[in-house]
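Below: one structure, written as structure tokens.
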Protein chains: 2
Amino acid sequence: MMNFSVGVEYALHCLVNIIPLNRPIGIKDLAEFQGVSESYLSKIFTKLAKARIVQSTPGVKGGYELTKSPKKITFYDVVIAIEGSQPIFQCKNIIAKAFTNEALEAEEDEDEVPCLINRTMLEAEQQMYNFLKEKTLMWLRETLDNELSPDILEKNREWFQKKLVQN
Amino acid sequence: MMNFSVGVEYALHCLVNIIPLNRPIGIKDLAEFQGVSESYLSKIFTKLAKARIVQSTPGVKGGYELTKSPKKITFYDVVIAIEGSQPIFQCKNIIAKAFTNEALEAEEDEDEVPCLINRTMLEAEQQMYNFLKEKTLMWLRETLDNELSPDILEKNREWFQKKLVQN
DNA sequence: ATATTATAGATAATTAGTGTCCTTAATGGG
DNA sequence: CCCATTAAGGACACTAATTATCTATAATAT
């Protein structure tokens, strides 16, 4: 079944916790926080860096930080950064194989009127993406701040502060 | 990258061509029409049959036909029939692993407030599905009848008539 | 200089999707 | 009743993508 990769989840969970920090944080800490391996999470963050969502600093005291305001980073940006921008539905133009007559082949060759089924699926995909474009990291952060208990939020904050101080 | 399976495309292409026929048509003909193997296409149609989108008749003169009006069969129905109804985004609740403190574990145990990221992705998915629920097989058929050249439509019709007569 | 940290490449394990083959069961026509 | 036809289902193989690890390299602060 069609799926978003778990990388998207790793990314969003990390990013929303990076917001309140005002310094770079390393993969090691983030991996520990998430309970996943550094090796794998670093691949994800390389993708986020290439998509200009985070900025990386190698070396001592290095790590990752947001490149811009979390108001300007959307779920859509993160999904595309991790999963790539290939459409969810790739028409194999099977119907073209169905008839080997000249008329149809000619029409396919023009390639100006893509398969209606394909267009419909892509339009459906856009509905999903439009929704994800409206959800920013800032919205996620603020909603979590409202939803989660103060107790959990405080423990969360303490955990990251401790990590930053240690470095 | 996340994808709809090609099975969805096979299914839709076949179904839209089944509409004008008023008799069962066999996998052999449909497979020839699409240029795919009978073995594989039959798996797809078994799924469509289980989803009550088509009705199957084994034996001589058997085959598949729609169970109901194409006005009542949506793209969504077909997608779910082929791909299953598992959500596109399965939250691993990674955040739960992040803190091993009691407060959070308690909250996770309740399991009444699923992860906000998860909820957001599912809501996005729903946007896509809502769109696909509005698109019926009948709409697809009628739009194709308007968009495609009369020449192609006629050749298409002839091809299926010939096959039905042969059986 | 050295320890730290990100980047990149190679590679392996796992899973899902795609596809085939063979057997079984049901059906209609002779 | 028998037989050809057709769907259903299980077993299996092939492919591609995802997930994951390990190693080596490059950049950086102290």
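No hydrogens, no waters, no symmetry mates; every other heavy atom, side chains included, goes into these values. Each chain gets a letter, A, B and so on, in the order the sequences are listed, and its residues count up from 1.
- Between K50(B) and dG9(D) there is a side-chain N or O to OP1 or OP2 distance below 4.0 Å.
- Projected onto DNA chain C by closest heavy-atom contact, F45(A) and S42(B) fall at different nucleotides, the more 5' of which corresponds to F45(A).
- Projected onto DNA chain D by closest heavy-atom contact, G59(A) and S5(A) fall at different nucleotides, the more 5' of which corresponds to S5(A).
- Remark: aromatic rings of F33(A) and F160(A) are close, center separation under 6.0 Å.
- Residue Y40(B) places its side chain closer to dT18(C) than to any other of dC21(C), dT18(C), dA7(D).
- Contact annotation: S56(A) side-chain N/O to dT5(C) OP1/OP2 distance is not under 4.0 Å.
- No contact: K47(A) has no heavy atom under 4.0 Å from any strand.
- Atom pair K163(A):NZ and dT5(C):C1' shows a separation of 16 Å (rounding to whole Å applied).
- Protein atom NZ of K43(A) is 16 Å distant from nucleotide atom C1' of dA13(C), rounded to whole Å.
- Relative orientation of the Y40(B) and Y10(B) rings is perpendicular, given thresholds of 30° and 60° on the angle between their planes.
- For V60(A), the side-chain atoms get nearest to dT4(C) when compared with the rest of dG19(C), dA10(C), dT4(C).
- For S39(A), taking side-chain heavy atoms from C-beta onward, the closest of the listed nucleotides dT5(C), dC22(D), dC21(C) is dC22(D).
- When the nearest nucleotides of DNA chain D are assigned to E38(A) and T57(A) by heavy-atom distance, the more 5′-ward of the two goes with E38(A).
- Between S37(B) and K61(B), it is S37(B) whose nearest contact on DNA chain C lies nearer the 5' terminus.
- In terms of phosphate contacts, Y64(B) brings a side-chain nitrogen or oxygen within less than 4.0 Å of OP1 or OP2 of dA8(D).
- Ring geometry for F45(A) against Y64(A) counts as tilted: the plane angle lies between 30° and 60°, on a 0 to 90° scale.
- For V6(B), the side-chain atoms get nearest to dG19(C) when compared with the rest of dG9(D), dA8(C), dG19(C).
- Residues D77(A) and T74(A) bring a donor and an acceptor atom of their side chains to less than 3.5 Å of each other.
- Side-chain atoms of E83(A) and S5(A) include a donor-acceptor pair closer than 3.5 Å.
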